[in-house]
Asks: 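One structure is given below, represented as C-alpha cells, and several questions about it will come after.
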Amino acid sequence: QKEVEQNSGPLSVPEGAIASLNCTYSDRGSQSFFWYRQYSGKSPELIMSIYSNGDKEDGRFTAQLNKASQYVSLLIRDSQPSDSATYLCAVNKFIQAGTALIFGKGTTLSVSS
Amino acid sequence: GAVVSQHPSWVICKSGTSVKIECRSLDFQATTMFWYRQFPKQSLMLMATSNEGSKATYEQGVEKDKFLINHASLTLSTLTVTSAHPEDSSFYICSAPPLQGGTDTQYFGPGTRLTVL
C-alpha cells in the first residue's frame with residue numbers, strides 16, 4: 001500500500017464549479033496534512049495545511065480531514081481556469097532526522113472556461 | 001515569506017560527469033534541508049535529509065555514494081550527482097523548514113531540471 005494515494009485524474013470541471021480532490025494515507029501516526037499546487041515545470045506551492053479533524057476554510061479552498069478514515073480532501077469553490085494544475089497531497093512522516101513530507105502522486109485538475 | 005533558492009535552474013551534462021546543485025535559504029536558517037526528486041508525471045520522492053554539521057540521511061533505495069550531500073552552513077546544502085547517467089535526468093527540488101517555524105512548515109526551492117545526455 002502506498003503511503004499517500006490520490007486519483008491521478010485528470011479531473012475536469014467547468015469554470016465556476018466545485019472541484020473535489022481526495023487523498024488517503026496509510027500511517028495512522030501522521031499528524032500534519034498539506035495540499036500543494038504544482039504547475040508544470042514548477043516546484044510545489046502550499047495551499048492549505050490542516051491538523052485537526054473537520055473542515056478548514058481559506059478563501060475558495062476548504063480542506064477536510066478525517067483521521068479515523070485516514071482521509072483528506074480539498075474543495076475548490078468557484079473554480080477558475082487559473083486553478084488548472086496538479087494538486088499534491090502531503091502527509092508528515094517522522095524519520096531519523098526529524099519530520100519530512102511524503103507526497104501523493106497528485107491529481108491533475110483542468111478547469112474549462 | 002521565507003525564500004529558498006536553487007542553482008542552477010537547469011543543467012545539461014554528458015553521461016559520466018558530475019553535477020552540483022545548490023540549495024540556499026535566503027532569509028532564514030535551517031539545520032535540516034530535504035532533497036526530493038520528481039520524474040515526469042510522478043510525485044515528489046524524498047531522497048535524503050541534509051543535516052547541518054553531520055552526515056545526510058538517505059531514504060531506502062537512494063545510493064549515498066552517487067548522491068553526495070553536504071550541508072556546510074545553516075543556509076546552504078548541496079547535492080552532487082556523481083557519474084550522472086541518463087536515468088538520473090529528473091527535476092530535483094529542495095525544501096527547508098525554518099528553525100523557528102517547526103518542521104511542518106517547509107519552503108520549497110524552485111527546482112533544478114537535470115538532463116543527462
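The chains referred to below are lettered A, B, ... by the order of the sequence lines, with proteins before strands, and numbering in each begins at 1.
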Asks: Hey, can you tell me if Y92(B) and F67(B) have their rings parallel, tilted or perpendicular (30° and 60° cut-offs)?
Replies: tilted
Asks: Less than 4.5 Å to any heavy atom of chain A: does that hold for the side chain of L46(B), its backbone, both, or neither?
Replies: side chain
Asks: Could you tell me whether the side chains of E15(A) and S113(A) share a donor-acceptor contact shorter than 3.5 Å?
Replies: no
Asks: How are the rings of F34(A) and Y51(A) set to each other: parallel, tilted or perpendicular (split at 30° and 60°)?
Replies: perpendicular
Asks: Check each atom of Q38(B) against the heavy atoms of chain A and say whether the ones under 4.5 Å are side chain, backbone, both or neither.
Replies: side chain
Asks: By a 4.5 Å heavy-atom criterion (distance strictly below it), what part of K105(A) contacts chain B: side chain, backbone, both, or neither?
Replies: both
Asks: Anything under 30° is parallel, anything over 60° is perpendicular, the rest tilted; go ahead and classify Y36(A) against F108(B).
Replies: perpendicular
Asks: Could you look at Q38(A) and say if it's the side chain, the backbone, both or neither that has a heavy atom under 4.5 Å from chain B?
Replies: side chain
